[in-house]
2 protein chains.
Amino acid sequence: MTAARRTPPTAPASRAGELTGQAEDYLKAIYEMGQGGEPAATNAIAALLGIAPASVSGMLQRLSRLGLVQVERYRGARLTHTGRGVALQLIRRHRIIESYLVTRLGFDWAMVDEEAERLEHAASTELVERMAAALGHPTEDPHGAPIPTSDGLVDERRLQSIADLAVGQTARVVRMSDRDSEFLRYLAAMGVRPGATVKVAARAPFDGPVTLTVRGKAHQVGVAAAGRVYVEARAGK
Amino acid sequence: MTAARRTPPTAPASRAGELTGQAEDYLKAIYEMGQGGEPAATNAIAALLGIAPASVSGMLQRLSRLGLVQVERYRGARLTHTGRGVALQLIRRHRIIESYLVTRLGFDWAMVDEEAERLEHAASTELVERMAAALGHPTEDPHGAPIPTSDGLVDERRLQSIADLAVGQTARVVRMSDRDSEFLRYLAAMGVRPGATVKVAARAPFDGPVTLTVRGKAHQVGVAAAGRVYVEARAGK
DNA sequence: ACCACAACTTAGTAGCTACTAACTTCTATG
DNA sequence: CATAGAAGTTAGTAGCTACTAAGTTGTGGT
């Protein structure tokens with residue numbers, strides 16, 4: 001069941017005197033999961049990164065040794081202040097690179113995450129800042145996600161997802177998860193993208209699919225998908 | 001004397017099912033040295049990559065196992081046909097990336113090699129081809145080096161270097177080694193760049209410095225530097 | 001022709017990352 | 001509140017890359 005060896009092998013850290021890309025990925029994963037006060041669980045990190053839980057235990061010890069995470073044995077890990085800073089810089093890199101690839105090199109919205117995932121570990125800060133400057137210092141990436149500043153400030157506002165909306169509510173799409181190109185293509189096909197307006201027309205019981213009206217057309221969307229599209233509810237109705 | 005650990009550690013190969021960045025660097029190094037019929041010597045590879053000769057022996061065995069190089073024990077390594085193809089694609093990536101960074105993101109001519117060195121292992125073929133397209137499929141990088149085609153064709157013409165010119169000869173600068181930003185800055189300061197015209201005004205005996213006239217100004221240049229600037233001699237004097 | 005020295009290889013070590021298998025801890029359920 | 005099963009950890013293995021130290025090979029100079 002486990003896929004074939006996923007890590008072809010080994011290669012040095014990309015930027016002077018720094019973390020390996022692997023370690024960076026863990027920090028990002030922990031950041032992305034650790035938004036609620038709870039520490040990130042070992043199994044959850046493993047699932048997100050597609051590796052075995054045992055590997056996560058090992059890496060957490062290393063990251064802990066480096067002062068980047070604080071591990072609570074048998075409970076999970078939390079980023080330290082330093083670790084959080086590293087994660088935010090990485091996310092900044094990722095989102096700027098995504099933005100650049102989409103707007104300057106015509107990359108497909110749905111596929112750009114994968115490319116950015118690799119480049120974020122190889123690009124120098126100078127390159128990233130030049131890209132940011134070329135784009136006029138954007139504050140959001142193409143999926144609507146806020147770009148942390150180089151001082152590590154981000155909009156961490158918790159948004160509602162479509163799954164949280166009541167029937168009849170209208171909302172503006174703010175952002176969506178970028179981690180799955182299939183998913184993004186699916187959304188794009190419906191016209192669901194940042195800035196679009198959606199209305200919850202109906203909702204089947206027992207966490208059933210949501211019926212959405214987008215640009216006058218009705219679509220049935222599963223809860224899983226609905227939960228990954230974040231919106232701001234409109235005041236009226 | 002040996003510098004501190006140069007390889008912080010380890011990270012996976014960047015593009016699907018492929019070589020690690022390390023292995024790729026060896027292939028490039030061997031290609032760059034193996035231009036003359038002789039196999040690339042272990043010590044020479046080690047020196048070029050800045051690693052210990054023993055490490056090279058090990059890697060050559062691995063590359064040999066992968067069918068990318070052919071090793072003659074105690075003599076050196078030569079690329080196989082496959083290995084040469086990989087090296088050329090890498091060089092293509094490198095030079096396209098350099099070109100893109102310089103012309104589209106305002107990178108300094110002298111510093112771009114380092115950035116490209118990292119990105120060439122992380123960028124997908126799609127990204128590289130999009131960059132190439134954005135630049136109108138350039139055939140040379142900013143240092144005048146020819147860019148291999150995606151079919152692996154390159155101009156491998158051997159050029160004379162300034163060190164090969166006779167006193168009084170005039171030549172057009174075609175390209176120069178890109179591996180040393182100090183060196184490139186030095187050249188830039190003299191006005192020596194691809195397309196510039198230089199004249200050998202004098203040459204000190206015993207491999208002494210060459211006196212060069214560039215844009216009407218005289219400069220003294222050591223043989224080492226002169227040997228790394230490639231030119232096409234002008235017909236008449 | 002020999003030998004000293006340079007060039008190269010082998011052996012052993014280490015760090016990073018990931019794996020599987022086996023064991024420990026935690027917790028929710030009966 | 002005892003315990004089964006989930007969650008997590010440890011132990012042992014493996015691949016990659018690099019290192020040092022020590023041994024081997026090859027060759028140029030006398």
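Every value quoted in this text rests on a predicted model; they were computed, and no experiment measured them. Note on naming: letters A, B, ... go to the chains in the order of the sequence lines (proteins, then strands), and numbering restarts at 1 for each one.
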Open item on the list: Just the rounded figure in Å: distance from P of dT9(C) to CD of Glu72(B).
Closed with: 11 Å

TODO: Using a heavy-atom cut-off of under 4.0 Å over every strand shown, decide if Ser55(B) touches base, sugar-phosphate, or nothing.
DONE: base

Open item on the list: Taking CD in Gln70(B) as the centre, count heavy atoms belonging to other residues, nucleotides or ligands within less than 6.0 Å. Is the count above 12?
Closed with: no

TODO: Pull out every residue in residues 57-68 of chain A that has a heavy atom closer than 4.0 Å to any atom of DNA chain C, ordered by number, or say none.
DONE: Met59(A), Arg62(A), Arg65(A)

Open item on the list: Regarding Ala54(B), tell me which of base, sugar-phosphate or nothing describes its non-hydrogen contacts under 4.0 Å with the strands shown.
Closed with: base

Open item on the list: Side-chain N or O of Tyr74(A) versus OP1/OP2 of dT10(D): is the shortest distance under 4.0 Å?
Closed with: no

Task: Whole-Å gap separating C1' (dC19(C)) and CD1 (Ile51(A)) - done: 11 Å

Could you list the donor-acceptor pairs under 3.5 angstrom formed by side chains in residues 148-157 of chain B, with sequence neighbours left out?
unit_1    : atom_1 : unit_2    : atom_2 : d
Thr149(B) : OG1    : Asp151(B) : N      : 3.2
Thr149(B) : OG1    : Gly152(B) : N      : 3.4
Thr149(B) : OG1    : Leu153(B) : N      : 3.1
Asp155(B) : OD1    : Arg157(B) : N      : 3.0
Asp155(B) : OD1    : Arg157(B) : NE     : 3.4
Asp155(B) : OD2    : Arg157(B) : NE     : 3.2
Asp155(B) : OD2    : Arg157(B) : NH2    : 2.7
Glu156(B) : OE1    : Arg84(B)  : NH2    : 3.3
Glu156(B) : OE2    : Tyr31(B)  : OH     : 2.3
Glu156(B) : OE2    : Arg84(B)  : NH2    : 3.0
Arg157(B) : NH1    : Glu232(B) : OE2    : 2.6

Task: Under the side-chain hydrogen bond (donor to acceptor under 3.5 Å, both in side chains) test, residues paired with Gln220(B) that sit two or more places apart - done: Thr211(B)

Open item on the list: Under 4.0 Å from OP1 or OP2 of dA6(D): is there any side-chain N or O of Asn43(A) that close?
Closed with: no

- [ ] Using atom CZ of Arg75(A) as one end and atom C1' of dA6(D) as the other, report the distance to the nearest whole Å.
- [x] 14 Å

Open item on the list: Strictly below 4.0 Å, N to O, side chains only: are Arg179(A) and Glu32(A) in salt-bridge contact?
Closed with: yes

Task: Length of the line joining Leu19(B):CG and dG15(D):P, which is rounded to integer Å - done: 17 Å

Task: Below 4.0 Å: OP1/OP2 of dC16(C) and any side-chain N or O of Tyr26(A) - done: no

Open item on the list: Testing the 3.5 Å rule here: is there a donor-acceptor pair between the side chains of Arg104(A) and Ser99(A)?
Closed with: no

Task: Given dC8(C), dG8(D), dT17(C), the nucleotide with the shortest approach to the side chain of Thr20(A) - done: dT17(C)

- [ ] Nearest whole angstrom, please: distance from the P of dG26(D) to the CZ of Arg73(B).
- [x] 8 Å

Task: Integer-rounded Å distance: dA7(C) P and Leu48(B) CG - done: 16 Å

Task: Rounded distance in Å - CD (Glu38(A)) to P (dC26(C)) - done: 16 Å

Open item on the list: Can you tell whether the side chains of Glu126(A) and Arg130(A) come within less than 4.0 Å, N to carboxylate O?
Closed with: yes

Task: NZ/NE/NH1/NH2 to OD/OE distance under 4.0 Å, Arg185(A) and Asp108(A) - done: yes

Task: Integer-rounded Å distance: dA7(C) P and Met33(B) CE - done: 13 Å

